[in-house]
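Worksheet: the structure to be examined is printed underneath.
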Amino acid sequence: MATINGVILLIGLLMYQELPRESNQEETISSELTNVYETSRQSCSNELDGPIRINVDCETVINKEKLCENSANVNVVDEEPYNNGEVKVHVSPKDALKMKEFYLLSIVYICSDYPFMFVNVFYKTYGQTFILDDTFLSTIGSVAGAVHALSRVIVGLIHDKLSYKLTCLLLLGIKTVLLFTLVVTPYGGEVMYMIWICGLFATFPLPFVCIPTAIAEVFGTKHNAEIYGMVLFTSTACSFLWPLVINHIASLGWFATFCMTATISFIGILVTILFPETQPS
């Protein structure tokens, strides 16, 4: 196992490379766009009417009202050009803490991560209550892991076609239904249990695929890693509480445990509904 993991890590290390530096032309355009944005912010304070139109290689139109609204939430921003010449705002980690989207994403991450940890740890323990073939249970874990890996790609494609909000509602909805009905799988036998576990693993890419993308869409890409780390920290902090919660709920039986886990997933649905709609770029 050490050799296999070492080879995999070595391959990963060999794939690393430094990001290319911005060309002089890109730096010039970025600097000019910065001047455009600063000029537009000053115009907002002067309460000028109508949009401001400034030429930077090509004609760039900036809506003054949108810039005023953005500047109210963002103190320090950087700009980079979209392909269509618009200005993209990057929110600093400090300013991200002042935005409701950060806390909504954190709650959704928690509501999605806890069922993942629970099923990943206890699927075999529950399966042993009615499946005596340990080899088959190990096979379920292997197949579910492959489904999880494949679903990361599929979820990414779905997210690109739909949006963060719709993709989350779809995954959390499926996860909630499967968790609530997991208790009936003994009546369907080994095949039904495999389908349910694989279905749950197919929904688990949400915090690893959708959340980072939503952070990039809402807060920009410059501080994406830092803000994602902050969201991940909230989930890690809550993970210390889950053993205590499970310890009390488990005494009530598997049904109560599944209902509690499904309820946490359902809370994620309610929070996702409150999240502003985002469109794929």
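Everything numeric in this text was worked out from a predicted model, so none of it was measured.
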Using modelled atom types and a 3.5 Å cut-off, is there a donor and acceptor pairing between side-chain atoms of Tyr114 and backbone atoms of Tyr109?
no
hydrophobic_cluster_shared for Tyr103 and Val91, side chain cutoff 4.5 Å:
yes
Can you name the closest pair of heavy atoms from Pro207 and Tyr228 and give their distance?
O-OH, 3.2 Å
With sequence neighbours left out, the residues meeting side-chain hydrogen bond (donor to acceptor under 3.5 Å, both in side chains) with Thr272 are none
Using side-chain heavy atoms (C-beta onward) and a distance below 4.5 Å, is Tyr126 in contact with Thr129?
yes
Sorted by chain and residue number, the side-chain hydrogen bond (donor to acceptor under 3.5 Å, both in side chains) partners of Gln128 (sequence neighbours excluded) come out as none
Side-chain donor-acceptor pairs of residues 260-271 under 3.5 Å, sequence neighbours excluded:
residue: Thr261; atom: OG1; partner: Thr257; partner atom: O; Å: 2.9
residue: Thr263; atom: OG1; partner: Cys259; partner atom: O; Å: 2.7
residue: Ser265; atom: OG; partner: Leu172; partner atom: O; Å: 3.4
residue: Ser265; atom: OG; partner: Thr176; partner atom: OG1; Å: 2.9

Enumerate the side chain to side chain donor-acceptor pair (under 3.5 Å) contacts for residues 141-155, please, sequence neighbours excluded, ordered by first and then second residue.
His148-Arg152
Ser106 to Thr234 - nearest heavy-atom pair and separation:
CB-OG1, 3.6 Å
For Ile227 versus Pro93, what's the shortest heavy-atom pair and its separation?
CG1-CA, 4.2 Å
Tell me the closest heavy-atom pair linking His90 and Lys222, and the distance in Å.
ND1-N, 3.1 Å
Test side chain to side chain contact (heavy atoms under 4.5 Å, CB included), reference Leu200, set Ile195, Val147, Leu178, output is Leu178
Pairs meeting criterion side chain to side chain donor-acceptor pair (under 3.5 Å) with involvement of residues 195-212, two or more places apart
Thr181-Trp196
For the residue pair Val218 and Phe102, establish whether any side-chain heavy-atom pair is separated by less than 4.5 Å.
no
Between Leu137 and Tyr193, is there a side-chain heavy-atom distance shorter than 4.5 Å?
yes
Kindly check if the number of other-residue, nucleotide or ligand heavy atoms within 6.0 Å of CG (Leu13) is above 12?
yes
Between Phe275 and Leu105, is a side chain to side chain contact (heavy atoms under 4.5 Å, CB included) present by the stated rule, with each step listed?
CA-CA 8 Å; Phe275 195 84; Leu105 288 172; 3.7 Å; yes
Of all heavy-atom pairs linking Tyr164 and Cys210, the shortest is CD1-O, 3.6 Å
Min side-chain heavy-atom separation Lys175-Ser112 under 4.5 Å
yes
His223 versus Glu226, closest heavy-atom pair with distance:
ND1-OE2, 3.1 Å
Just wondering, are more than 12 heavy atoms of other shown residues or ligands nearer than 6.0 Å to CG in Leu10?
yes
Shared hydrophobic cluster, Phe136 / Met192 (ILVMFWY, side-chain heavy atoms < 4.5 Å):
yes
Counting only N and O atoms by type, is there a donor-acceptor contact under 3.5 Å from the side chain of Lys165 to the main-chain atoms of Ile273?
yes
Please tell me if the side chains of Phe204 and Leu171 come closer than 4.5 Å, counting only heavy atoms from C-beta onward.
no
Sequence neighbours excluded and cut-off under 3.5 Å, please list the side-chain donor-acceptor pairs for residues 115-125, or say none.
residue: Lys124; atom: NZ; partner: Asp134; partner atom: OD1; Å: 3.4
residue: Lys124; atom: NZ; partner: Ser138; partner atom: OG; Å: 3.4

In terms of hydrophobic clusters joined by side-chain contacts under 4.5 Å, are Leu104 and Leu97 together?
yes
Under a single-linkage definition using a 4.5 Å side-chain heavy-atom cutoff for Ile, Leu, Val, Met, Phe, Trp and Tyr, are Trp254 and Phe180 assigned to the same hydrophobic cluster?
no
Going only through I, L, V, M, F, W and Y residues with side-chain contacts under 4.5 Å, is there a path from Leu182 to Phe255?
yes
Between CD1 of Ile211 and CG of Leu232, what distance do you get to the nearest 0.5 Å?
11.0 Å
